[in-house]
Protein chains: 2
Amino acid sequence: MFSKATEYALRATIYIAQKSSEEHKLGIDEIANAIDSPKSFTAKILQVLTRDNHIISSVRGPNGGFFLTQKSKKLPARSILLAMGDEDILEKCVLGLKQCSEIQPCPMHAQYKSIRKQLKELFMTKTIGQLATEIKDGVVFISNQ
Amino acid sequence: MFSKATEYALRATIYIAQKSSEEHKLGIDEIANAIDSPKSFTAKILQVLTRDNHIISSVRGPNGGFFLTQKSKKLPARSILLAMGDEDILEKCVLGLKQCSEIQPCPMHAQYKSIRKQLKELFMTKTIGQLATEIKDGVVFISNQ
DNA sequence: ACAATAAAAGATATTTTTGTCTTTTATTAT
DNA sequence: ATAATAAAAGACAAAAATATCTTTTATTGT
């Protein structure tokens with residue numbers, strides 16, 4: 001569905017949203033470990049989300065780390081896909097046809113459009129904070145062991 | 001959603017199903033041109049579908065080419081995904097978690113499982129022949145121009 | 001038999017994705 | 001000020017995906 005980078009971005013952001021605050025920031029070691037992702041690669045991804053997209057916040061030095069502002073927690077999950085350049089799936093034709101549309105539908109269009117719409121709806125309505133809360137509610141912990 | 005290879009595989013197979021018969025086979029040039037894919041790369045993909053998976057049939061030499069048997073037209077679109085090793089999307093967690101399930105759901109599981117189910121249903125019920133017929137019915141032609 | 005045709009097979013190239021490692025910069029506590 | 005800490009930045013490496021090109025093999029019509 002998504003690239004590894006986008007998967008890590010989603011998992012990391014949700015994890016940070018759940019565990020961090022402005023007073024308690026998270027280090028890259030803890031994050032990468034918790035979401036089962038390669039540390040250095042994850043650091044690069046967090047850089048993109050932090051520096052280029054301001055979805056995640058960070059400070060350097062002792063007691064530094066990553067955290068999410070309340071404002072960021074209100075962002076839809078889709079904003080992570082946009083930041084990672086991986087939002088095509090919410091828009092594009094299943095068969096990869098450029099001109100696929102209501103007027104020139106591909107053979108799967110009629111049935112697929114509803115699925116794509118639901119997927120888009122999911123990523124547009126669910127906020128990062130909501131996703132983090134669903135973990136807090138005790139349902140599950142992000143880990144891949 | 002799918003890899004380029006899988007997109008080409010789906011488009012090519014549907015195109016061959018629509019245009020070919022045991023009496024009228026299609027050459028790689030026509031196919032690659034019609035579905036807007038790189039010729040040699042498409043040839044490799046057709047090899048996989050032909051030699052390894054027997055979804056497409058082929059004969060060499062003059063009047064040779066690719067075609068689909070009636071039996072193959074009854075295969076579900078999913079069989080192409082399986083052949084291309086790209087069926088993960090019908091099974092896996094959106095966030096890429098290995099243990100995501102009803103018991104250990106990821107924060108998106110509750111809503112995503114319905115979408116994934118519909119996608120799987122689509123690829124399991126729609127046959128290659130049905131997809132080809134939807135084009136024949138005059139709705140659209142596969143091309144990316 | 002022979003030439004022409006078209007897929008099969010094999011080798012190679014390019015690009016993208018994924019991943020690692022080292023150095024630098026900012027921040028903090030002592 | 002200085003040392004310790006932790007992210008930022010940059011260079012590099014490996015793997016996978018995408019794509020191209022050449023040679024071989026099977027088949028057919030003459």
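Owing to the predicted nature of the structure, the values given are computational and were not obtained by experimental measurement. Labels below follow one simple rule: chain letters A, B, ... track the order of the sequence lines, proteins then strands, and each chain is numbered from 1.
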Check your understanding: Has Q47(A) got a side-chain N or O lying under 4.0 Å from the OP1 or OP2 atom of dA9(D)?
Key -> yes

Check your understanding: By side-chain hydrogen bond (donor to acceptor under 3.5 Å, both in side chains), which residues pair with S21(B), not counting sequence neighbours?
Key -> E23(B)

Check your understanding: CZ of F41(A) versus P of dA11(D): gap in Å, rounded?
Key -> 18 Å

Exercise for review: Sorted by first residue and then second, give each salt bridge (charged side-chain N to carboxylate O under 4.0 Å, His left out) pair with at least one member in residues 24-33 of chain A; sequence neighbours left out.
Suggested key: D29(A)-K39(A)

Practice item. Tell me whether the OP1 or OP2 atom of dA6(C) has a side-chain N or O from S58(B) closer than 4.0 Å. Key: no

Revision key, fill the gap. The side-chain hydrogen bond (donor to acceptor under 3.5 Å, both in side chains) partners of S40(A) (sequence neighbours excluded) come to none

Review point. Reckon I28(B) touches a base, only the sugar-phosphate, or nothing at all at heavy-atom distances under 4.0 Å?
Key: sugar-phosphate

Close N/O contacts between protein and nucleotides 25-30 of chain D (under 3.5 Å):
unit_1: dT25(D); atom_1: O2; unit_2: R60(B); atom_2: NH1; d: 2.9
unit_1: dA26(D); atom_1: O4'; unit_2: R60(B); atom_2: NH1; d: 3.3

Review point. So which of residues 49-56 of chain B are in contact with DNA chain D, with a heavy-atom cut-off of under 4.0 Å?
Key: none

Hey, can you pull the donor-acceptor pairs under 3.5 Å for the side chains in residues 77-91 of chain A, sequence neighbours left out?
unit_1: S79(A); atom_1: OG; unit_2: P76(A); atom_2: O; d: 2.6
unit_1: D86(A); atom_1: OD2; unit_2: S3(A); atom_2: N; d: 3.0
unit_1: D86(A); atom_1: OD2; unit_2: S3(A); atom_2: OG; d: 3.2
unit_1: D86(A); atom_1: OD2; unit_2: T6(A); atom_2: OG1; d: 2.7
unit_1: E91(A); atom_1: OE1; unit_2: K120(A); atom_2: NZ; d: 3.3
unit_1: E91(A); atom_1: OE2; unit_2: K120(A); atom_2: NZ; d: 3.2

**Study point:** With Y112(A) via ring pair (Phe, Tyr, Trp, His ring centres under 6.0 Å) - residues at least two apart
**Key:** none

Review point. Any ring pair (Phe, Tyr, Trp, His ring centres under 6.0 Å) pairs touching residues 52-81 of chain A, not counting sequence neighbours?
Key: none

**Study point:** Contacts of K74(B) that satisfy salt bridge (Lys or Arg N to Asp or Glu O under 4.0 Å) - sequence neighbours left out
**Key:** none

Practice item. Would you mind classifying the nucleic acid contact of I45(A) as base, sugar-phosphate or nothing, using non-hydrogen atoms under 4.0 angstrom? Key: nothing

Practice item. Provide, to the nearest angstrom, the distance between the NZ atom belonging to K25(A) and the P atom belonging to dT28(C). Key: 8 Å

**Study point:** Strand-adjacent residues in residues 1-8 of chain B, judged by heavy atoms under 4.0 Å from DNA chain C
**Key:** none

Exercise for review: Tell me yes or no: between the side chains of S37(B) and T42(B), is some donor less than 3.5 Å from an acceptor?
Suggested key: yes

Review point. Do any pairs count as a salt bridge (charged side-chain N to carboxylate O under 4.0 Å, His left out) and have a residue in residues 40-66 of chain A, sequence neighbours left out, and if so which ones?
Key: none

Close N/O contacts between protein and nucleotides 21-23 of chain C (under 3.5 Å):
none

